[in-house]
Amino acid sequence: RAAMALDLAKNGARVAVVSSGDPGVFAMAAAVLEVAAEEQWRGVPVRVLPGMTAANAVASRVGAPLGHDYAVLSLSDRLKPWDVVAQRISAVASADMAFAVYNPASKSRTWRVAAMRDLVLEHRSPDTPVIIGREVAGAQESVRVVRLADLDPAEIDMRCLLIVGSSMTTVVENEHGTRVFTPRRYPG
């Protein structure tokens, strides 16, 4: 897709490559820029326009779980080996940051969510909140909060984005629903 768009642009067409969410976060901007760096397309200008990240869209539905330091990871091992993914999960979990999880499961790679949960449980409480956002801003939107220990991989697919809280992430239930936030202050 990137090469076709750049080829069209090189030949004078106005081209837009559209992707969901923010094009610069696990989406098409990096793919287009990577191909545009090749000699044949070096003269083609590329402009990236920001969008709403899936992580921020899901977070907004429950409050501010990304209100302090946080990371964004992809569980996909199609473009990087699983051992790199696992190392990053462990590093973020041990650093006690909330983190968003893109590409959690596909039809052919269903074991990654359980592996991620188990790696995080080595560093976090079983009560750590996990937000499961599915198709946020779509017709079938659903958002719910579960305990890390209760995260069921069978319920997760590529239409989901997960946010795993830190040790400070707080869940508040009241008459207005479930609110989740990670405080900006961190104990000294």
Cluster check Val72, Val164: I/L/V/M/F/W/Y, side chain < 4.5 angstrom
no

Do Val120 and Ile89 make a side-chain contact, defined as non-hydrogen atoms from C-beta onward lying under 4.5 Å apart?
yes

Closest approach of Leu66 and Ala55, non-hydrogen atoms and distance?
CD1-O, 3.9 Å

Considering residues, nucleotides and ligands other than Leu49, do more than 12 of their heavy atoms fall under 6.0 Å from its CG?
yes

Side-chain heavy atoms of Trp111 within contact of Met116, under 4.5 Å
no

Thr178/Val62 under side-chain contact (heavy atoms from CB on, under 4.5 Å): CA gap, chis, key distance, verdict:
CA-CA 6 Å; Thr178 302; Val62 295; 5.7 Å; no

Using a 3.5 Å distance criterion without hydrogens, assess whether the side chain of Ser90 forms a donor-acceptor pair with backbone atoms of Gln87.
no

Membership question, hydrophobic clusters at under 4.5 Å side-chain separation (ILVMFWY): are Val84 and Leu119 in the same one?
no

N-O pairing of Arg179 and Glu173 below 4.0 Å:
no

Indicate the atoms forming the closest heavy-atom contact of Ala100 with Leu161, along with that distance.
CB-CD2, 4.4 Å

Can Ile156 and Leu151 be said to form a side-chain contact (heavy atoms from CB on, under 4.5 Å), step by step?
CA-CA 9 Å; Ile156 309 302; Leu151 179 60; 4.1 Å; yes

Would you check if Val145 and Pro129 make a side-chain contact, meaning some heavy-atom pair closer than 4.5 Å?
yes

Heavy-atom distance under 4.5 Å between the side chains of Arg134 and Val143, does that happen here?
no

Main chain of Asp7, side chain of Asn11: is a donor-acceptor contact present, judged purely on distance under 3.5 Å?
yes

Glu122 atom CD: more than 12 heavy-atom contacts under 6.0 Å:
yes

How many angstroms lie between OH in Tyr186 and CE in Met97, if you round to the nearest 0.5 Å?
10.0 Å

Is Arg147 atom CZ crowded by more than 12 heavy atoms from other residues, nucleotides or ligands, each under 6.0 Å away?
yes

Output, in order, the C-alpha distance, side-chain angles, deciding distance and verdict of side-chain contact (heavy atoms from CB on, under 4.5 Å) for Val130 and Val101.
CA-CA 10 Å; Val130 177; Val101 180; over 6 Å; no

Spacing of OG belonging to Ser106 relative to CG belonging to Asp77, to within rounding of 0.5 Å:
8.0 Å

What is the distance from atom CG of Asp157 to atom CD of Glu135, rounded to the nearest 0.5 Å?
8.0 Å

Any side-chain to backbone donor/acceptor pair from His68 onto Arg184? Under 3.5 Å, distance only.
yes

Over all atoms of both residues, closest heavy-atom pair of Arg117 and Pro153
NH1-CD, 3.4 Å

Mind listing the closest non-hydrogen atom pair of Asp22 and Gly51 along with its distance?
OD2-O, 3.2 Å

Counting distance only, does the side-chain N/O of Lys10 pair as donor-acceptor with the main-chain N or O of Ala5 below 3.5 Å?
no

Would you call Val180 and Thr170 a side-chain contact if the rule is heavy atoms closer than 4.5 Å?
no

Do Val48 and Val25 share a hydrophobic cluster (ILVMFWY, side-chain heavy atoms under 4.5 Å, transitive)?
no

Would you name the heavy atoms of Ser76 and Val85 that are closest together and state the gap between them?
O-CG2, 3.8 Å

Starting from Val58, can I reach Val171 by hopping between I/L/V/M/F/W/Y residues whose side chains sit under 4.5 Å apart?
yes

Check the pair Ile163, Tyr70 against side-chain contact (heavy atoms from CB on, under 4.5 Å), reporting the backbone distance first and the verdict last.
CA-CA 10 Å; Ile163 297 176; Tyr70 69 92; over 6 Å; no

dist Ser19:OG -> Arg1:CZ (nearest 0.5 Å) comes out at 8.0 Å

I'd like to know whether Tyr102 forms a ring-ring contact (aromatic ring centres under 6.0 Å, His included) with Phe26, so could you lay out the CA-CA distance, the side-chain angles of the two residues, the decisive distance to 0.1 Å, and finally the verdict.
CA-CA 8 Å; Tyr102 284 70; Phe26 299 118; 5.1 Å; yes

Using every non-hydrogen atom in the two residues, find where Leu148 and Ser125 come nearest and quote the distance to one decimal.
CD2-O, 3.9 Å

Met4 atom CE, neighbour heavy-atom count above 12 within 6.0 Å
no

Phe181 vs Thr169 side-chain heavy atoms within contact, under 4.5 Å:
no

Pairing residues for Asp96 by the salt bridge (Lys or Arg N to Asp or Glu O under 4.0 Å) criterion, not counting sequence neighbours:
Arg124

Do side-chain atoms of Arg112 reach the backbone of Leu75 as a donor and acceptor pair under 3.5 angstrom?
yes

Ser166 and Thr182 side chains, donor-acceptor separation under 3.5 Å
no

Backbone N/O of Val92 and side chain of Ser94: donor-acceptor pair under 3.5 Å:
no

Exam field: side chain Arg42 to backbone Ala37, donor-acceptor pair closer than 3.5 Å
yes

